[in-house]
Amino acid sequence: TRNYCVTAQFAFQENEIKLLTAEIERLKNFGCLGVSPSLEGLRDENAKLKYRLNFLKKSLQEERSKSTKSMININSCLQEIFGAAIQAAYPDLENPPLVVTPSQQPKFGDYQCNSAMGISQILLKTREQKVIPREIAEKIAKNIPANECIEKVEIAGPGFINVHLRKDFVSKQLSSLLINGVQPPAIGKRKKVVVDFSSPNIAKEMHVGHLRSTIIGESMCRLFEFAGYDVLRLNHLGDWGTQFGMLIAHLQDKFPDYLTVSPPIGDLQAFYKESKRRFDTEEEFKKRAYQCVVLLQSKNPDFIKAWNLICDVSRREFQKIYNCLDITIIERGESFYHEMMKDIVKEFEDKGFVQVDDGRKVVFVPGFPVPLTIMKSDGGYTYDTSDLAALKHRLCEEKGDILIYVVDSGQSVHFQTVFAAGQMIGWYDPKVTRVAHAAFGVVLGEDKKKFKTRSGDTVRLIDLLEEGLKRAMDKLKDKERDKVLTPEELKAAQTSVAFGCIKYADLSHNRLNDYVFSFDKMLDDRGNTAAYLLYAFTRIRAIARLANIDEQMLRKAAREEVLILDHEKEWKLGKCILRFPEILQKILEDLLLHTLCDYLYELATTFTEFYDSCYCVEKDRQTGQIMKVNMWRLLLCEATATVMAKGFDILGIKPVQRM
């Protein structure tokens, strides 16, 4: 971890600086003594050492600057400490288990190290030594190195090590958060992350099935960007293939002057259905559609223009949805990879991986029963070919260190096969490069069946968003918010609640599971919903404002005040706030965003407990006049709101100051 625990690294670098400085002095002395045969070599060596010395000093300075501003991942910090203790207690033990978790009950301390039981089993299996876990725990506890975060440890039960944090340490971290803002722990080398998400098809409207990929992918991008990664957001549009033959043929018939006059295609979905009906029923039209595909793929200018016209109509419709949901994405559809597909086929052929099956060129990947078809019998390419081309481009041209595909779980076997083929041909090593399919379940209606309209059609995404806006306004008016908010504030609250609730309802469920879409549940201002959290956030932000404490006064207090954490609810809230970095670290590893939603709900409810028990602002009961402002408690309010705001930002939710 590049935070508090980086002190060990600082010590190592400082020691190296001392050694290098001494070595430079030694070389100077050699020069003075006139050791002439290798004087030039000594000068070179001297220059290298000076360069290394300057590099280390600069690196150390940068690390210190980052570490003082970054939030500390306390769990990782404790893992470093207990890792060192276990190493000192059992130096010959290879890869001992390291288990540190937050305690579930205050009586068991703040964190627990539960490694003793695992070590006991390893000693029994590998060395036939029967050592009770409690003895192991005591030995680990005795070897805990000096540190600034642990107040004391206690051995409990069969061998749990209960950890109590120092209050001054927690107070200091909260002050740092208030002064520096929510800063992520430094990640070391800045890696490149490529995220493939949303990916609708041209000439088809975005429907509720695209909602999950779009929302989950955007949130993942925001998280990796916040953590300091270089993120490339890609929209793998379905913008190439045989369906464009029938669309262009229909365009030629319906708007014969399309080359000079822009065709007024208002409803592209209806246009697609018309062309599909003709393709299925008119043999002559079908033949012409196939000819159009050949001319399009040969890059005939007239057909490229027709293709662009159709794509542009879709793009405008997609952008309306992306604007509503605040999505940022770069279009890179299947057509982008078309020219690369011939080389993909040749590369697999040259390496002996291709077999011919009934005219098709297929690739069998060990461990997968169904082969990849990289060329059809008519010489055309497939989704397998385009996905292989995209994988290679992202690895070899974009130099992605982490590739994430946010696509429904129905595609799991396909992507596992494609990724395995990429490894087989040598494009990447999974030990070095992470390639992951972030799969997700389907959206269900309240009848627990696939979410559809009453007529059985797929729900259009734009209709869903408009319905969300209507229901959010109805809810606000039911609460008589229209009587206290200005029209502008009411509009801001409406969009915040509508789109925030739709996003949160999705992200708060484990993405691997299907989830039931219910406006009534997502707009409920009780329980783990965006409506509840947004309202809680506006209440927290209002506390200082109603006490006539402005931002400047809070900033000044953050630098000067010590956060007192004597009350049990103050202590509980302070620790909960500081768990934010470990929550984010877990999501960076498993890509499960519902963990962040659960944390924000826990933070909001922990704050409510604190606010109900601890007076932030003390007023005269008769007059309502402010008698006393407990500034350290207002700072706890501010720290809570700051972390919630960053959590909302990662989830793509926009809070408002008044609701």
Side-chain angles (χ1 to χ4, degrees), residues 105-107 167-168 170-171 174-175 177-179 475-486 488-490 492-493 496-497 523-578 600-645 647-648 655-659:
Q105 295 180 48
K107 65 179 179 181
K167 284 190 177 172
D168 61 342
V170 172
S171 177
L174 290 167
S175 294
L177 161 64
L178 287 159
I179 292 164
K475 185 85 174 177
L476 288 161
K477 286 181 176 176
D478 284 348
K479 299 278 184 182
E480 299 188 334
R481 297 291 90 196
D482 53 324
K483 293 177 182 175
V484 292
L485 299 177
T486 66
E488 293 77 18
E489 287 172 338
L490 188 65
S496 174
V497 169
L523 289 167
D524 194 339
D525 52 14
R526 296 160 299 175
N528 189 6
T529 66
Y532 169 75
L533 289 175
L534 286 165
Y535 179 60
F537 178 81
T538 57
R539 279 183 60 218
I540 296 167
R541 279 281 192 230
I543 294 165
R545 189 171 67 243
L546 295 172
N548 300 317
I549 304 292
D550 60 24
E551 280 186 36
Q552 195 173 348
M553 293 162 79
L554 283 170
R555 280 198 297 270
K556 184 174 183 289
R559 288 190 295 271
E560 296 172 359
E561 289 269 342
V562 174
L563 274 81
I564 304 164
L565 302 169
D566 288 342
H567 194 286
E568 62 170 325
K569 299 301 182 185
E570 293 171 335
W571 180 237
K572 185 179 178 182
L573 179 60
K575 288 184 299 175
C576 189
I577 292 166
L578 294 181
L600 290 175
Y601 180 60
E602 183 190 342
L603 182 59
T605 53
T606 303
F607 177 85
T608 301
E609 287 179 28
F610 154 78
Y611 191 67
D612 289 346
S613 304
C614 305
Y615 287 112
C616 297
V617 180
E618 297 180 34
K619 296 181 180 179
D620 184 290
R621 291 192 178 182
Q622 267 79 42
T623 64
Q625 187 179 347
I626 294 171
M627 306 296 292
K628 184 184 178 187
V629 174
N630 295 316
M631 191 57 86
W632 81 92
R633 287 177 176 163
L634 279 188
L635 290 174
L636 274 175
C637 297
E638 181 63 18
T640 304
T642 303
V643 167
M644 285 185 78
F648 285 149
V656 287
Q657 294 302 317
R658 297 190 70 210
M659 188 188 288

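Computed from heavy atoms alone, side chains included, the values below leave out hydrogens, waters and symmetry copies.
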Peer 1: Is a donor on one side and an acceptor on the other found under 3.5 Å between the side chain of Thr529 and the backbone of Asp525?
Peer 2: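 Here the side-chain-to-backbone pair does not exist.
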
Peer 1: Mind checking whether Ile626 and Asp620 have side chains closer than 4.5 Å, heavy atoms only?
Peer 2: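 Result no, sub-4.5 Å side-chain heavy-atom pair not found.
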
Peer 1: With the threshold set at 4.0 Å, does a side-chain nitrogen-carboxylate oxygen contact exist between Glu568 and Lys572?
Peer 2: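 Result for this pair is no, no salt bridge flagged.
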
Peer 1: Look at the side chain of Glu570 and the backbone N and O of Asp566, then say whether any donor-acceptor pair between them is shorter than 3.5 Å.
Peer 2: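 Yes, the answer is positive, given that a donor and an acceptor are paired below the 3.5 Å cut-off.
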
Peer 1: Would you check if Leu476 and Asp482 make a side-chain contact, meaning some heavy-atom pair closer than 4.5 Å?
Peer 2: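 The answer is no, as the side chains (C-beta and beyond) never meet within the 4.5 Å cut-off.
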
Peer 1: If we check side-chain contact (heavy atoms from CB on, under 4.5 Å) with Ser175, which of these qualifies: Val170, Val562, Leu563?
Peer 2: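 Output: one option passes, namely Leu563.
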
Peer 1: Distance from Gln625 atom CD to Lys619 atom NZ, nearest 0.5 Å?
Peer 2: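 Here the rounded value is 11.0 Å.
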
Peer 1: Nearest 0.5 Å, what's the OG1-CZ distance between Thr538 and Arg545?
Peer 2: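 Separation between the atoms: 8.5 Å.
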
Peer 1: Any non-hydrogen side-chain atom of Val643 less than 4.5 Å from a side-chain atom of Leu177?
Peer 2: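 The answer is yes; the side chains approach within 4.5 Å.
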
Peer 1: Does Thr606 reach the main-chain N or O of Glu602 with its side chain, forming a donor-acceptor pair under 3.5 Å?
Peer 2: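 Yes.
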
Peer 1: Return the CG to SG distance between Leu634 and Cys616, rounded to the nearest 0.5 Å.
Peer 2: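 So the gap between those two atoms works out to 5.5 Å.
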
Peer 1: Under a 4.5 Å cut-off applied to non-hydrogen side-chain atoms, are Arg555 and Arg559 in contact?
Peer 2: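 The answer is yes; the side chains approach within 4.5 Å.
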
Peer 1: Indicate the atoms forming the closest heavy-atom contact of Ala558 with Leu178, along with that distance.
Peer 2: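 The answer is CB-CB, 3.7 Å.
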
Peer 1: Check step by step if ring-ring contact (aromatic ring centres under 6.0 Å, His included) holds for Phe610 and Phe607.
Peer 2: CA-CA 5 Å; Phe610 154 78; Phe607 177 85; 5.6 Å; yes

Peer 1: Output the distance between atom CG (Leu565) and atom NZ (Lys575), rounded to the nearest 0.5 Å.
Peer 2: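 Interatomic distance, Leu565 CG to Lys575 NZ, rounded to 0.5 Å: 10.0 Å.
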
Peer 1: Work out which heavy atom in Leu523 is nearest to a heavy atom in Lys475; give both atom names and the distance.
Peer 2: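 Where Leu523 meets Lys475 most closely, the heavy atoms are O-CE, 3.2 Å.
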
Peer 1: Please tell me if the side chains of Val656 and Glu489 come closer than 4.5 Å, counting only heavy atoms from C-beta onward.
Peer 2: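 They are not in side-chain contact.
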
Peer 1: Determine whether a donor-acceptor pair (N or O, by modelled atom type, separation under 3.5 Å) exists between the side chain of Ser171 and the backbone of Lys167.
Peer 2: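 Judged by distance alone, no pair lies under 3.5 Å.
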
Peer 1: Tell me whether the count of non-hydrogen atoms from other residues, nucleotides or ligands lying under 6.0 Å of CZ in Phe648 goes above 12.
Peer 2: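 Yes, enclosed.
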
Peer 1: With a 4.5 Å cut-off on side-chain heavy atoms, are Lys477 and Lys483 touching?
Peer 2: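 They are not in contact (no side-chain heavy atoms under 4.5 Å apart), so the answer is no.
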
Peer 1: Which heavy atom of Asn630 sits nearest a heavy atom of Lys628, and at what distance?
Peer 2: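 For Asn630 and Lys628, the tightest heavy-atom pair comes out as OD1-CE, 3.1 Å.
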
Peer 1: Which heavy atom of Tyr532 sits nearest a heavy atom of Thr605, and at what distance?
Peer 2: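 In this case the closest contact between Tyr532 and Thr605 is OH-CG2, 3.9 Å.
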
Peer 1: Considering all heavy atoms of both residues, which atom of Gly574 and which atom of Leu636 are nearest to each other, and what is their separation?
Peer 2: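 Where Gly574 meets Leu636 most closely, the heavy atoms are CA-CD2, 4.4 Å.
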
Peer 1: Compare every heavy atom of Ala641 with every heavy atom of Ile540, then report the nearest pair and how far apart it is.
Peer 2: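 Heavy atoms only, the tightest pair is CG2-CB, 3.9 Å.
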
Peer 1: Has Arg633 got a side-chain atom pairing as donor or acceptor with Tyr615's backbone, closer than 3.5 angstrom?
Peer 2: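 Present.
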
Peer 1: At what distance, to the nearest 0.5 angstrom, does NZ of Lys479 lie from OH of Tyr535?
Peer 2: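 Spacing of NZ (Lys479) from OH (Tyr535) equals 8.5 Å.
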
Peer 1: Looking at CD of Gln657 and CZ of Phe537, how far apart are the two atoms once the value is rounded to the nearest 0.5 Å?
Peer 2: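 Interatomic distance, Gln657 CD to Phe537 CZ, rounded to 0.5 Å: 6.0 Å.
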
